[in-house]
Amino acid sequence: MIPYSTQLIEEDDIAAVVEILQSSHLTQGSKVQEFEEAIAHYVGAKYCVTFNSATSALLGAYAVSGISENDEIITTPISFVATSNMAIALGAKPIFCDIKMDGNIDETLIEALITPHTKAIVPVDFAGKPVAIKAIKEIVNKHDLVVIDDASHALGSGINHKKIGSHADMTIFSFHAIKPITTGEGGAVVTDNEEYANALRLFRSHGIVKKQLWNSDMVSLGHNFRMTEFAAALGLSQLHKLDRFISTRDAIANYYDERFKNHKLFSTIYIDEQEQSARHLYPLLLNPQLHCVKEEIFTELQEKGLGVQVHYKPIYQNSFYKQRYGEQRLNTAETFYKSEISIPCHQKMTLDDAKSVADIVLEVIKQYAYRGCTF
Ligand SMILES: *Cc1c(COP(=O)(O)O)cnc(C)c1O
């Protein structure tokens, strides 16, 4: 089975981790800081604060921007549940905005959702494709909000070669095993705002500041959301390979684009000339006449060895959300969910693998040309 995404761990990654395991500090040493400085430098942000996951990083970013009871965030339903869950964890309510057929929030629909309770706009760079950050920032500035970009898919993505992480008030990255680079589990917030960075460091580590000798002081309520030293060593080693990983994924994605161009039964997501995508996912979008046979197509792709997945069921369709907020339906999000299948695209694949994947996809989908849905 070729998974839709997977990690690539090499000998030097392993050596970097072993070196830390044999050292004096497994936690709270200097590797975490070294990794943070390298991430900040790579994306072009002033500060980076790592966490033990992107989920805790999201919670930290929401907390330090003052999101609390009765506040609202405007976000996308086409994401992993953590994006909105962490706002709910602080007592806030996620307001879901519809998307475009590239999987990203529709920036033209955001402003109508703003209320006196709105605190933040939280887009997700779906599959690695940058959101329309310029338009979103104009809305944010006009209404005195913050933009927190969940860029869990998008470390290495950019617009006109200006990296994601240098645009929003705060940007979140994930280092989960199958994200663009990995620390096993891990995440980070990058920002140019020193106050946010200081507050995030307190939030991640018990709210404690060190004073003289044994004296320390707990000044705010915090957690233990710290990254370990060996995770940071793995992350640092992986970061050096990120551009190579992206160019491998990009070559595979470009190959697919070519093979699937102008297909009658499905489309793919176009990356604009001035955009760079980390290519975390390669989504296929089935045309409406195949929506009723998506389960069959998905199953057949799996049986032929492709570890396909669907990204994502709209968050509001989960039972927790239905019980809390009632039934919701956003048209494009619904259509996107019915259309989307992510096929294998990762740095462990060769172009020969990509050719086999494309052959299987075309062969399987061809059979449904005359077995589609009736309207
Ligand atoms: C993976 C992911 C997360 C959660 O990341 P973890 O590091 O697993 O906590 C959040 N948002 C999006 C969009 C993701 O893809």
Side-chain angles (χ1 to χ4, degrees), residues 3-7 32 35-36 39 48-63 73-90 94 96-97 99 102-105 120-131 133 147-157 164-165 168 170-190 200 203-204 223-228 231-232 234-235 238-239 249 269 277-283 309-316 318 321 333 336-337 340 342 345-346:
Y4 72 90
S5 182
T6 190
Q7 71 277 12
V32 164
F35 181 46
E36 290 175 341
I39 291 278
C48 171
V49 182
T50 53
F51 282 79
N52 57 2
S53 71
T55 303
S56 53
L58 280 161
L59 185 65
Y62 294 159
I73 66 158
I74 297 172
T75 188
T76 167
I78 299 298
S79 183
F80 184 60
V81 289
T83 313
S84 49
N85 281 356
M86 291 303 100
I88 298 172
L90 294 170
F96 293 109
C97 178
I99 60 157
D102 65 359
N104 280 339
I105 196 166
I121 296 172
V122 186
V124 172
D125 305 282
F126 181 81
K129 184 181 165 79
V131 294
I133 194 71
V147 55
I148 299 170
D149 185 18
D150 182 349
S152 292
H153 299 182
L155 182 65
S157 294
I164 300 291
M170 283 182 269
T171 303
I172 284 80
F173 296 114
S174 172
F175 311 122
H176 174 271
I178 61 163
K179 296 292 164 74
I181 61 165
T182 188
T183 60
E185 298 278 8
V189 183
V190 299
L200 285 163
F203 186 82
R204 137 182 105 174
H223 300 259
N224 180 353
F225 289 150
R226 294 186 304 254
M227 178 176 276
T228 66
L234 178 57
Q238 289 262 300
L239 183 61
R249 294 195 293 257
I269 294 173
S277 172
R279 298 287 198 179
H280 167 56
L281 301 173
Y282 191 91
Q309 185 53 280
V310 170
H311 298 93
Y312 294 91
K313 173 162 102 174
I315 294 176
Y316 55 69
N318 286 284
Y321 281 80
F336 192 83
Y337 175 47
E340 205 272 350
S342 302
C345 180
H346 55 74

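If you read the sequence from its start, that first residue is 1, and numbering goes on from there. All of these numbers come straight from a predicted model, not from anything done at the bench. Ligands are counted one by one from 1 in listed order, and the atoms in each one are counted from 1 as well.
- With a 4.5 Å cut-off on side-chain heavy atoms, Glu185 and His176 count as touching.
- The side-chain contact (heavy atoms from CB on, under 4.5 Å) test with Pro123 singles out one residue from Thr75, Asn104, Val147, Thr76, and that residue is Val147.
- Using a 3.5 Å distance cut-off with no hydrogens or angles, the side chains of Asp125 and Ser157 do not pair a donor with an acceptor.
- In this structure the side chain of Pro94 never reaches within 4.5 angstrom of the side chain of Tyr316, judged on heavy atoms.
- Tyr4 and His280 have perpendicular rings, their planes meeting at more than 60° on a 0 to 90° scale where under 30° would count as parallel.
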Write 'none' if nothing qualifies; otherwise put on separate lines each N/O atom of ligand 1 with a protein N/O atom under 3.5 Å away and their distance to 0.1 Å.
from	atom 1	to	atom 2	distance (Å)
ligand 1	5 (O)	Ser174	OG	3.4
ligand 1	7 (O)	Ala54	N	2.9
ligand 1	7 (O)	Ser174	OG	2.8
ligand 1	9 (O)	Ala54	N	3.3
ligand 1	9 (O)	Thr55	N	2.9
ligand 1	9 (O)	Thr55	OG1	2.6
ligand 1	11 (N)	Asp150	OD2	2.7
ligand 1	11 (N)	Ser152	OG	3.4
ligand 1	15 (O)	His153	NE2	2.9
ligand 1	15 (O)	Lys179	NZ	2.8
ligand 1	15 (O)	Tyr312	OH	3.3

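- Counting heavy atoms from C-beta outward, Val81 and Tyr312 have side chains that stay 4.5 Å or more apart.
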